[in-house]
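Read the numbers this way: they start at 1 and go in the same order the structure lists the ligands and their atoms.
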Amino acid sequence: MNKRRSFIKSGLLTASAPLLHLSLPMLSMASETSKKGKHWIWINPDHKQEAAAITKEYAALKDAGIRGILFESDSEKHFRAAKQLGLEGHRWNWTMNNGSKELLAKHPEWYAVSRDGKSCATHPPYVGYYRWLCPSKPEVIAFLKNEAEKILAKDYIDGLHLDYIRFCDVVLPLNLWSQYKVDQRTEMAEYDFCYCETCRAKFKAQTGKDPLEFTYPDEALSWRLFRYEAINNVVNTLAEVAQKHKKWISAAVFPTPEVARRNVRQDWTNWNLSAVFPMIYHGFYQEEVKWIGEAVKEGVHFLNGKFPLYAGIYLPDFKGNMEDLAAGMGHAMKNGAAGISLFGRPSSEVLAVLKQYP
Ligand SMILES: [Zn+2]
């Protein structure tokens, strides 16, 4: 994974470094968990990597207790190599953030609009690759449904893993405030979405109010709820596609239900997933390793057994300290995580630590 990607995953590019119905496949897969391992890893497949090197790398993952790989792009070679070793291969896919040049040119009207009236099609917030789609437009939902259909129809893909399944960050993780020179104790208009004509009209039809007329938009509870439900609807629509294919649907989400709703309007405990992968990247929130366990505990509590939670941990945050890494994994597992999901290419030392949590 290159540096840019590693930051994209948690939200943003920084200057200093670079998403219940327990479906049948979920139940049948769960029974095989023990021999399959229980951990996961996000990987951006290198399309030039030789077959022998891929097999060697993935065999080490399998040996360390990895159950499946979340692949950021579609490479049949990588998926099949993983599957041959008994690993699952899921397609990690950007959902609401879509910077496709073709889409931007063809459908600029599909993009989200900020409270100060700027579209992500022309004025991406924070960084150039922040191109958020509006979740209320039927055309957008139809497009995402079709994308999911295309991915899940492939025989070598075991599931769809949703990423960027949320609104733009109205509040950034604390560690990034200085980087972007923002003080986000109140929600700033330029980072607050979506105030497009479709969203405004739909909300007005439901409540009689225009969200642009709120004196304190960050305190407008029904307006918040409207936006949670817009993303919930996208996810649950895509979940139906996955169920039709008898395949998994999972999501990479913000670290706790509370942070997810507050920072990015993401209400993930109300989604119909097979599993969830909160990105519990403590460094981004200036938290200690112990907080990983606290975040897991909160997520597991609100999920109340609806589907399993795999704790996403950000390897660079551990700065090579294997004791801290072992402690972080321990806190996650002790507090009810079904397993760990690694972000970052693991060294043999990292895999040895993971092996301690079979
Ligand atoms: Zn909208």
Side-chain angles (χ1 to χ4, degrees), residues 11-12 19 93-148 162-172 184 186-240 251 253-254 260-268 270-271:
L12 291 155
L19 299 225
N93 195 45
W94 292 28
T95 313
M96 301 312 300
N97 181 14
N98 191 319
S100 149
K101 283 200 174 77
E102 193 195 339
L103 201 64
L104 280 162
K106 227 167 126 187
H107 291 296
E109 77 281 8
W110 286 5
Y111 285 81
V113 174
S114 63
R115 179 156 33 101
D116 65 355
K118 295 192 174 107
S119 167
C120 287
T122 49
H123 293 78
Y126 303 112
V127 281
Y129 66 87
Y130 256 23
R131 305 284 188 168
W132 298 91
L133 294 167
C134 165
S136 297
K137 296 185 194 293
E139 302 85 353
V140 168
I141 295 172
F143 167 79
L144 295 172
K145 217 176 149 178
N146 186 45
E147 292 285 294
L162 309 170
D163 196 7
Y164 287 102
I165 182 69
R166 58 182 180 87
F167 279 75
C168 170
D169 321 53
V170 67
V171 178
L172 286 175
Q184 297 187 318
T186 56
E187 298 181 358
M188 299 164 75
E190 62 192 295
Y191 306 119
D192 186 18
F193 293 84
C194 176
Y195 292 79
C196 78
E197 294 294 334
T198 309
C199 285
R200 287 171 62 199
K202 204 173 163 195
F203 184 73
K204 192 158 192 175
Q206 287 179 13
T207 65
K209 292 173 185 164
D210 179 350
L212 275 179
E213 289 171 5
F214 286 124
T215 310
Y216 301 107
D218 21 351
E219 302 302 327
L221 302 183
S222 56
W223 176 228
R224 274 180 179 244
L225 187 61
F226 175 88
R227 289 176 289 176
Y228 300 158
E229 287 177 347
I231 295 291
N232 293 357
N233 179 50
V234 171
V235 174
N236 293 340
T237 300
L238 300 182
E240 286 171 15
V253 298
F254 270 54
R261 285 193 291 262
R262 175 161 53 86
N263 286 20
V264 298
R265 327 279 193 213
Q266 190 184 51
D267 180 26
W268 52 262
N270 278 311
W271 296 354

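Ring orientation note: the planes of Phe226 and Phe203 are nearly perpendicular, at an angle over 60° on the 30°/60° scale. Relative orientation of the Tyr130 and Tyr126 rings is perpendicular, given thresholds of 30° and 60° on the angle between their planes.
Under the salt bridge (Lys or Arg N to Asp or Glu O under 4.0 Å) criterion, Arg265 pairs with Glu187, Asp192, not counting sequence neighbours.
Of the options Phe167, Tyr228, Trp271, a side chain to side chain contact (heavy atoms under 4.5 Å, CB included) to Gln266 is made by Trp271 and by none of the others. Considering Phe193, Tyr111, Tyr164 in turn, Tyr164 is the only one that fulfils the ring pair (Phe, Tyr, Trp, His ring centres under 6.0 Å) rule with Trp132.
A salt bridge is absent between Asp210 and Lys204: the closest approach of a Lys/Arg side-chain nitrogen to an acidic carboxylate oxygen does not fall below 4.0 angstrom.
Note on the Zn ion (ligand 1): protein N, O or S atoms under 2.8 Å away count 4, no waters included.
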